[in-house]
Number of protein chains: 2
Amino acid sequence: MLRLSTKGQYGVRAMFEIANGYPDKPVTIKEISEKQAVSVAYLEQILNKLRNGGLIKSIKGPGGGYLLNKKPEKISISAILKELEGPVAITSCLDPKEGCVRVDGCVTYMLWKSLGEKIEGFLDTVSLKDLITGALLERTAGKIKKKA
Amino acid sequence: MLRLSTKGQYGVRAMFEIANGYPDKPVTIKEISEKQAVSVAYLEQILNKLRNGGLIKSIKGPGGGYLLNKKPEKISISAILKELEGPVAITSCLDPKEGCVRVDGCVTYMLWKSLGEKIEGFLDTVSLKDLITGALLERTAGKIKKKA
DNA sequence: CTAAACCTGACCAATCCACTCAACTAAATA
DNA sequence: TATTTAGTTGAGTGGATTGGTCAGGTTTAG
């Protein structure tokens, strides 16, 4: 359950590759495609969205490619996923584009809302830099492990 | 992103209705259907899975219906959702039925793994009883709110 | 001016979702 | 034991979404 689509997954991996060129070495689609094993055509779709969202910028012509638009530590996983897949919305009631029809379902409403907030809270705290430096390993070790 | 299917959503709502009959008043599919606005035929599928999973039991014939198999506080939302939709698996690499093909993708692997654990951890701590008593409201107030 | 590189939109196969339908079996009660 | 209530099972289906591809642009450096 709660599977993330490939767009989101590939998007994060692509951002990771682009981050490796930070701050001034443009990374081409072809490079990303080869390193992450995703087709160029599909990557174009994904990178286009990320560019429109202001997370990356592109340089055309020979020697061109993609660059981060902000520092890696300023780009959260949450921001990447939101650009590609919209906000976290466990249920349709919680999707800003839809809404809650049944009012007496409020007990479960709070449940899904809480879960969504928890997920978003977590993704907000992880940045591209954390991905690069492997900071996630330490963090999760401290936060998730139950046994000291 | 990360939408839960209706099976999971309806399943939790159905369990909530059945919990209202705990410990000995069987709740019929029809009642659940009416109160939760879900078709009888679809509920049959859902309740069947939950019964096979040992979360509820059924009594046939007149006066029959569905009953919880355990105390409401012993049934977690996590257990309900797992029965209906399988384990949390943000990516296919984390699905026990599939697996990780690319090894160098381990940075994102940890990311999705951590997220999955966080989600599961949360769903484990919420029980049907919490849903009934509204305990979720207090809990989330304490856990999620950042500002004291 | 041409090749490298990005941009755009149409298109498509396959899968999954959210159900419905039809027919069956088991239990209770009259 | 006949009837009725109620759960059981499996197949089927229309529509939406996913996960891409393809063809043909346009822009820019050299």
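So you know, we letter chains A, B, ... as the sequences are listed, proteins then strands, and number each from 1. No experiment lies behind these values; they were computed from the predicted model shown. The basis for the numbers below is simple: all heavy atoms, side chains too, and nothing from hydrogens, waters or symmetry mates.
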Q | Interatomic distance, B:Lys60 NZ vs C:dA27 P [rounded to whole Å] | A | 6 Å
Q) Donor-acceptor pair, B:Glu85 side chain versus B:Lys82 backbone, under 3.5 Å? A) no
Q. What are the two closest non-hydrogen atoms of B:Met1 and A:Leu4, and how far apart are they?
A. SD-CD1, 4.3 Å
(Q) Quick check for you: among C:dC6, C:dA18, C:dA4, whose closest atom lies nearest to any side-chain atom of B:Tyr42? (A) C:dA18
Q. When the distance from CZ of A:Arg13 to C1' of D:dG19 is rounded to whole Å, what number comes out?
A. 14 Å
Q: Would you indicate what B:Leu47 reaches in the nucleic acid, counting non-hydrogen atoms under 4.0 angstrom: base, sugar-phosphate, or nothing?
A: nothing
Q.
Whether the side chain of A:Arg3 engages the backbone of B:Ala89 through a donor-acceptor N/O pair (distance < 3.5 Å, no angle test) should be reported.
A. yes
**Q.** Residue pair B:Tyr42 / B:Thr6, side-chain donor-acceptor N/O under 3.5 Å
**A.** yes
Q. Is there a side-chain polar atom (N or O) of A:Asn48 under 4.0 Å from OP1 or OP2 of C:dC6?
A. no
Q: Could you say whether A:Gly61 or A:Lys7 is positioned toward the 5' end of DNA chain D, judged by the nucleotide with the nearest heavy atom to each?
A: A:Lys7
Q: Report the distance from atom OH of A:Tyr10 to atom P of D:dG19, rounded to the nearest whole Å.
A: 8 Å
Q: Return the value, rounded to whole Å, for the distance between atom CD of B:Gln36 and atom C1' of C:dA18.
A: 17 Å
**Q.** Between C1' of C:dC16 and CZ of A:Arg3, the distance in whole Å
**A.** 12 Å
Q) Would you say C:dA5 has OP1 or OP2 under 4.0 Å from some side-chain N or O of A:Arg51? A) no
Q) From the list D:dT21, D:dT4, C:dC19, which nucleotide is the closest neighbour of the side chain of A:Ser39? A) D:dT21
Q. So, does the side chain of B:Gln45 form a donor-acceptor pair with the base of D:dT8 at under 3.5 Å?
A. no
Q.
Does D:dA6 have OP1 or OP2 under 4.0 Å away from a side-chain N or O of B:Thr28?
A. no
Q | Upstream residue (5' side of DNA chain C) when A:Ala41 and A:Ile59 are each assigned their closest nucleotide | A | A:Ile59
Q. Does A:Glu44 get its side chain close enough to the base of C:dC6, under 3.5 Å, for a donor-acceptor pair?
A. no
Q. To the side chain of A:Ser58, which of C:dC19, C:dC6, D:dA29 is closest?
A. C:dC6
Q | Whole-Å distance separating the CG atom of B:Leu43 from the P atom of C:dC19 | A | 10 Å
Q: Please determine if A:Glu117 and A:Lys113 form a salt bridge, counting it only when a charged side-chain N lies under 4.0 Å from a carboxylate O.
A: yes
Q | B:Lys49 NZ to C:dC19 P, straight-line distance once rounded to whole Å | A | 15 Å
Q.
Assuming nearest nucleotide by heavy-atom distance, tell me which of A:Val38 and B:Tyr66 is located more 5' along DNA chain D.
A. B:Tyr66
Q | d(CD1, B:Ile32; P, D:dG7) in whole Å | A | 8 Å
